[in-house]
*Asks:* 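Shown below is the structure under consideration.
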Amino acid sequence: MHGISRRGLLKTGVAAGVLGLSGMPLRAQSRGGKLTAGLSGANTSDSWDGRTHSDIFMIASAHGTVFDCLTEVAADGSLVGELAESWEASADAKTWTFNLRQGVTFHNGKSFGADDVIESLQMHVAEGAKSAAQPIVAAITEMKKMSDSQVQFTLASGNADFPYLMSDYHLLMFPAGQIEEGIAQGIGTGLYQVQSFDPGVRMVATRYPDHYKGDSAGFFDEIEYIAINDNTARMNALMTGQVDAINRIDFKTEALLKANPALRIQEVTGNQHYTFAMLTDNAPFGDVNVRRALKYGINRQEMVDKILLGHGKAGNDTPIGPANQFYHAEMEQLAYDPDKSKFYLQQAGLDSLDIDISASNAAFEGAVDAAQLFQASAAAGGINLNVVQEPADGYWSNVWLKKNFSAVYWSGRATEDWMFSTAYEAGVPWNDSQWDSNDSARFQELLLTARAELDSAKRKEQYFEMQEILRDDGGVLVPMFANYVQAVNNRIVSPDTVGNLWQMDNARMAERWSAA
């Protein structure tokens with residue numbers, strides 16, 4: 001992963017004069033105009049509550065447009081300050097002091113300060129709160145207001161990656177004392193102020209005057225995001241000029257986009273991965289032999305060839321990808337082997353296995369086709385998969401984390417611990433395999449040890465071992481890493497370096513792109 005070293009992280013944030021606040025070198029950009037994007041991942045249940053955000057429509061609308069976080073991952077993978085100007089850590093990385101940017105106001109005129117930071121973070125650990133960022137905030141044992149412009153965090157144990165975690169798109173800053181109002185109206189400190197919001201349909205925002213980021217970001221006068229979950233409709237909207245950009249292009253129609261001289265395709269390699277998650281606290285997935293039978297029953301390269309049409313690479317049942325610092329590229333690749341599937345079924349005391357697998361293209365484009373490919377390959381090893389095609393709307397609330405075996409999309413995270421603590425640590429809300437039984441004890445032990453380790457060589461060994469454990473015993477199948485492939489009209493200018501942490505330039509196209 002590119003960017004400042006963790007030793008540098010421990011000392012201070014990146015100096016504001018080196019990079020623009022957008023994370024890109026300062027350069028002349030045209031001001032004015034409107035950006036209209038057609039985005040998937042929208043639901044009628046969407047809201048401005050960052051704790052609930054899980055897909056690109058709300059991530060781009062909130063964290064990338066209307067709201068800010070304390071820190072920001074720049075397009076090149078480095079960490080820059082957003083509402084935090086700089087930060088310092090104790091030698092053991094347990095105490096972190098953040099110096100906040102002064103002169104910042106919320107869209108309702110309220111000044112931003114330390115109280116807003118503390119109250120916004122406490123939302124995620126409030127009683128009854130369901131937030132994917134809960135484990136991040138729960139690791140903070142004390143939040144202390146040192147002054148209006150300085151906050152000190154004390155962690156339960158050292159965490160060398162803590163400043164990166166403060167860029168999590170769930171950790172939006174709301175006005176203290178007005179949290180409910182902020183969620184209802186979308187009151188943030190971002191470059192754009194909400195004009196209208198129809199959940200699952202459309203969001204419109206206009207440039208906030210005299211923003212603290214000045215002329216370094218936010219070049220459009222107006223942003224409009226239109227919810228277009230259907231892949232064909234999204235492509236047609238771009239082809240006919242109704243929108244300027246779309247995410248998740250249909251690879252089957254890529255040639256049509258390339259043939260249009262008014263359009264260009266952006267493709268970046270990151271940590272986005274497509275998975276099938278097994279709830280290991282339910283039978284039969286609690287038996288590691290059943291999980292291994294399924295691991296050998298999936299033809300990973302076939303999925304890359306037929307679902308991604310080559311726009312990615314085979315996965316190895318770990319979420320750590322090529323954009324991570326400690327990606328275990330040399331780890332032996334799991335190969336499709338029906339005979340081994342049969343062997344592990346026998347080890348589980350089974351002659352065959354009949355199970356449902358839930359899928360919808362709301363999970364990822366081609367998820368249903370991928371499940372059907374899995375069905376065909378697994379059959380040779382005695383595994384009979386019944387593909388259940390689920391409705392797109394409500395997939396993330398009604399299927400994911402509820403059905404025993406389901407297709408899932410993950411964007412990945414900038415650091416190993418961020419990814420693991422979000423989805424693989426025992427007891428966290430988004431642990432979509434619930435893999436926290438006895439056979440994950442070593443993994444959970446390493447997770448805590450590596451988090452506090454400041455020696456990069458030791459960290460590498462620990463994260464390599466964790467990836468091997470997941471490959472062999474974990475409850476999530478990761479058959480493929482998918483490149484981010486999106487399309488843009490040439491009347492929109494984007495930087496030479498496009499972010500690979502989330503779709504659409506780290507979901508910050510509203511900040512970083514401009515009219516031609």
*Asks:* Does the cation-pi check pass for R451 over F420, that is, NZ or CZ under 6.0 Å from the six-membered ring centre and within 45° of its axis?
*Replies:* no
*Asks:* Taking only residues two or more places apart in sequence or in another chain, which ones pass ring pair (Phe, Tyr, Trp, His ring centres under 6.0 Å) with F57?
*Replies:* none
*Asks:* Who pairs with H53 by ring pair (Phe, Tyr, Trp, His ring centres under 6.0 Å), at least two apart in sequence or on another chain?
*Replies:* none
*Asks:* If you compare all heavy atoms of V137 against all heavy atoms of L171, which two are closest, and at what distance to 0.1 Å?
*Replies:* CG2-CD2, 3.9 Å
*Asks:* Of the non-hydrogen atoms in S157 and K94, which two are nearest, and what is the gap between them?
*Replies:* C-CG, 3.6 Å
*Asks:* For W410, which of T275, T422, D432 qualifies under side-chain hydrogen bond (donor to acceptor under 3.5 Å, both in side chains)?
*Replies:* D432
*Asks:* Can you confirm whether the side chains of E254 and H311 place a donor and an acceptor under 3.5 Å from each other?
*Replies:* yes
*Asks:* Checking N43 against W396: is there a side-chain donor and acceptor pair closer than 3.5 Å?
*Replies:* no
*Asks:* Hey, mind stepping through F481 and Y274 against ring pair (Phe, Tyr, Trp, His ring centres under 6.0 Å) and telling me if it holds?
*Replies:* CA-CA 6 Å; F481 279 85; Y274 298 161; 9.5 Å; no
*Asks:* Please find out if less than 6.0 Å separates the ring center of F405 from that of F285.
*Replies:* yes
*Asks:* For the side-chain hydrogen bond (donor to acceptor under 3.5 Å, both in side chains) test, which of R442, K295, R292 pairs with D473?
*Replies:* R292
*Asks:* Kindly write out the residues that satisfy side-chain contact (heavy atoms from CB on, under 4.5 Å) with E390, not counting sequence neighbours, or none if the list is empty.
*Replies:* S358, S360, V388, Y395, V399, K403
*Asks:* Parallel, tilted or perpendicular: which fits the ring planes of F153 and F98, with parallel below 30° and perpendicular above 60°?
*Replies:* perpendicular
*Asks:* Please check if the side chain of T52 supplies one atom and the backbone of D49 the other of a donor-acceptor pair under 3.5 Å.
*Replies:* yes
*Asks:* Are N316 and L470 close enough, and set up right, to give a side chain to side chain contact (heavy atoms under 4.5 Å, CB included), and what steps lead you there?
*Replies:* CA-CA 9 Å; N316 212 7; L470 285 178; over 6 Å; no
*Asks:* Side chains of T318 and R471: any donor to acceptor distance under 3.5 Å?
*Replies:* no
*Asks:* List the steps and the verdict of side chain to side chain contact (heavy atoms under 4.5 Å, CB included) for I140 and M143.
*Replies:* CA-CA 7 Å; I140 304 171; M143 304 183 203; 3.7 Å; yes
